[in-house]
Amino acid sequence: MSLLFSRASLASLGLALGLSALCLSPSMAQEAAPAPAAPADAATPAAAPVDPNTVIATVNGQPLTEADLVLAEGELSQQFAQLPPEQRRAAALSAAIEIRVMAAQAVTTGLDKDPDFQRRMAFLQQRALHGEMVEKGVVDKVTDAEVRARYDQEIANTPPVNEVHARHILVKTKEEAEAIIKQLDGGADFQKLANEHTSDPSGKSNGGDLGWFGPGQMVPEFDKAAFALDVGKYTEQPVQSQFGWHVIKLEDKRAKQPPAFDEVKDQAKQAVIRDKYFALVKSLRADAKVEIPDAKLKKAVDTLESAK
């Protein structure tokens with residue numbers, strides 16, 4: 001596997017080196033500068049559909065089509081990322097031609113007969129077919145109804161969680177915090193005291209307001225004390241954290257609303273895809289005859305499989 005990627009990286013590096021001079025030349029930098037924006041009312045004509053079988057070049061008499069160019073641009077997208085679209089197409093064609101002539105020379109010299117190369121080609125084909133199976137057999141078969149059902153299932157299985165709206169006054173010493181609590185006991189206004197005494201810069205002008213937050217969003221000591229309070233109450237003892245000493249007041253408490261479907265539908269779809277993928281793999285593995293003579297290795301593989 002490492003050999004496969006190291007050789008693939010060398011091939012990409014050769015193309016990248018050829019393209020880097022193009023990307024970094026002064027003339028290219030000037031040409032790559034953003035063009036003036038078109039007037040807002042200027043109509044942009046729709047691009048005509050391109051026949052993927054259109055021949056755009058021939059290499060030693062062999063056609064190189066629009067579909068070949070699209071594939072080259074997609075496979076080598078990282079190398080072309082810094083190029084503007086019109087130069088990206090030329091670079092993709094240049095790379096495709098380079099690949100063709102180098103591949104032809106490799107065949108002429110017999111490199112395609114090398115056993116290691118043939119093993120890597122077999123693996124690349126299997127990996128490509130794996131990808132096609134995932135795309136056509138899993139991803140393309142996911143329905144909107146399944147994604148929505150997964151979202152509803154996750155929401156139903158998520159325990160209700162409260163979030164709180166709190167204020168705090170942060171000081172350096174326990175004695176300062178105790179003095180503030182004493183003033184609150186005497187009827188002092190919490191927000192006014194926060195503006196006067198808190199060392200939290202964000203709380204000096206808003207009465208120590210922390211807004212709404214859920215469990216785990218604050219440091220543990222603060223979190224525990226805030227969620228233990230009743231609405232309208234403040235901590236009767238100073239709360240110490242890594243930041244200093246806190247006096248906390250709970251303004252309100254409510255059930256935390258789950259995210260809207262549109263906010264997380266991509267995650268829900270990925271969850272459906274993952275489940276379908278592993279179900280397909282499990283089914284195919286069950287029908288496949290797999291033998292691993294090395295007992296230690298077999299145990300490690302079985303452990304990995306059971307965790308899926």
**Report entry** Pairs where residues 148-167 contributes a residue and the test ring-ring contact (aromatic ring centres under 6.0 Å, His included) is met, not counting sequence neighbours
**Finding:** Tyr151-Phe261, His165-Trp212
Query raised in the report: Is Phe222 reachable from Phe243 through a run of I, L, V, M, F, W or Y residues, each pair having side-chain heavy atoms under 4.5 Å apart?
Result: yes
**Report entry** Residue list, side-chain contact (heavy atoms from CB on, under 4.5 Å) with Glu221, at least two apart or on another chain
**Finding:** Val219, Val239, Ser241
**Report entry** Heavy-atom closest pair, residues Phe80 and Ala95
**Finding:** CZ-CB, 4.1 Å
Name the atoms and distances for all side-chain donor-acceptor pairs under 3.5 Å in residues 71-78, with sequence neighbours left out.
{"residue": "Ser77", "atom": "OG", "partner": "Gly74", "partner atom": "O", "Å": "3.4"}

**Report entry** Minimum heavy-atom distance between Val147 and Val272, given as atom pair plus value
**Finding:** CA-CG2, 4.2 Å
Query - Non-neighbouring partners of Lys269 that pass side chain to side chain donor-acceptor pair (under 3.5 Å), sequence neighbours left out - result: none
Requested in this report: Under the side-chain contact (heavy atoms from CB on, under 4.5 Å) rule, collect the residues that match up with Val134, sequence neighbours excluded.
Outcome: His130, Val139, Tyr277
Requested in this report: Compare all side-chain heavy atoms of Leu129 with those of Met133 and state whether any distance is below 4.5 angstrom.
Outcome: no
Report task. Could you list all the side-chain hydrogen bond (donor to acceptor under 3.5 Å, both in side chains) pairs where at least one residue sits in residues 103-112, not counting sequence neighbours? Result -> none
Query - Heavy-atom closest contact (Val231 atom, Glu251 atom, distance) - result: CG1-O, 3.2 Å
Report task. For the pair Lys265 (side chain) and Arg148 (backbone), establish whether a donor and an acceptor sit closer than 3.5 Å, ignoring hydrogens and angles. Result -> no
Report task. To the nearest 0.5 angstrom, please state how far the OG1 atom of Thr58 sits from the CZ atom of Arg100. Result -> 10.0 Å
Requested in this report: Output the distance between atom NZ (Lys204) and atom CG (Asn195), rounded to the nearest 0.5 Å.
Outcome: 8.5 Å
May I have the list of side-chain donor-acceptor pairs in residues 295-304 shorter than 3.5 Å, sequence neighbours left out?
{"residue": "Lys298", "atom": "NZ", "partner": "Asp302", "partner atom": "OD2", "Å": "2.9"}
{"residue": "Thr303", "atom": "OG1", "partner": "Lys299", "partner atom": "O", "Å": "2.8"}

Query - Remaining members of hydrophobic cluster (4.5 Å side-chain criterion), Phe190 - result: Ile169, Val171, Ile180, Ile181, Leu184, Leu193, Tyr234, Trp245, Val247
Requested in this report: Can you run down the salt bridge (Lys or Arg N to Asp or Glu O under 4.0 Å) pairs that involve residues 176-200, sequence neighbours left out, and say none if there aren't any?
Outcome: none
Report summary line: Closest heavy-atom pair, Gln217 versus Asp223, reported as atoms and distance to 0.1 Å, is N-OD1, 4.0 Å
Requested in this report: Determine, using the 4.5 Å side-chain heavy-atom cutoff (strictly less than), whether Leu229 and Leu170 are members of one ILVMFWY cluster.
Outcome: yes
Query raised in the report: Going from CZ on Arg89 to CG on Leu69, what distance comes out if it is rounded to the nearest 0.5 angstrom?
Result: 5.0 Å
Query raised in the report: Which residues pass the side-chain contact (heavy atoms from CB on, under 4.5 Å) test with Asn162, sequence neighbours left out?
Result: Lys253, Ala255
**Report entry** Atom pair CE (Met218) and CZ (Phe213), whose distance is rounded to the nearest 0.5 Å
**Finding:** 4.5 Å
Report task. State, with a plain yes or no, whether a side-chain heavy atom of Gln191 is found less than 4.5 Å away from one of Arg167. Result -> yes
Report summary line: Here the gap from Lys233 atom NZ to Ile248 atom CD1, rounded to the nearest 0.5 Å, amounts to 16.0 Å
Query raised in the report: Do Phe227 and Leu250 share a hydrophobic cluster, counting only Ile, Leu, Val, Met, Phe, Trp and Tyr and linking them when any side-chain heavy atoms are less than 4.5 Å apart?
Result: yes
Query raised in the report: Excluding sequence neighbours, so at least two apart, what forms side-chain contact (heavy atoms from CB on, under 4.5 Å) with Ala67?
Result: Pro52, Thr65
Query raised in the report: How does the hydrophobic cluster around Val70 look, that is, which other residues are in it when side-chain heavy atoms under 4.5 Å mark a link?
Result: none
Query raised in the report: Are any of the side-chain nitrogens in Arg150 or Glu154 under 4.0 Å away from the carboxylate oxygens of its partner?
Result: yes
Report summary line: Distance col, row Arg285:CZ vs Glu305:CD, nearest 0.5 angstrom, shows 4.0 Å
Requested in this report: State whether the number of non-hydrogen atoms from other residues, nucleotides or ligands found under 6.0 Å of Asp294 atom CG is greater than 12.
Outcome: yes
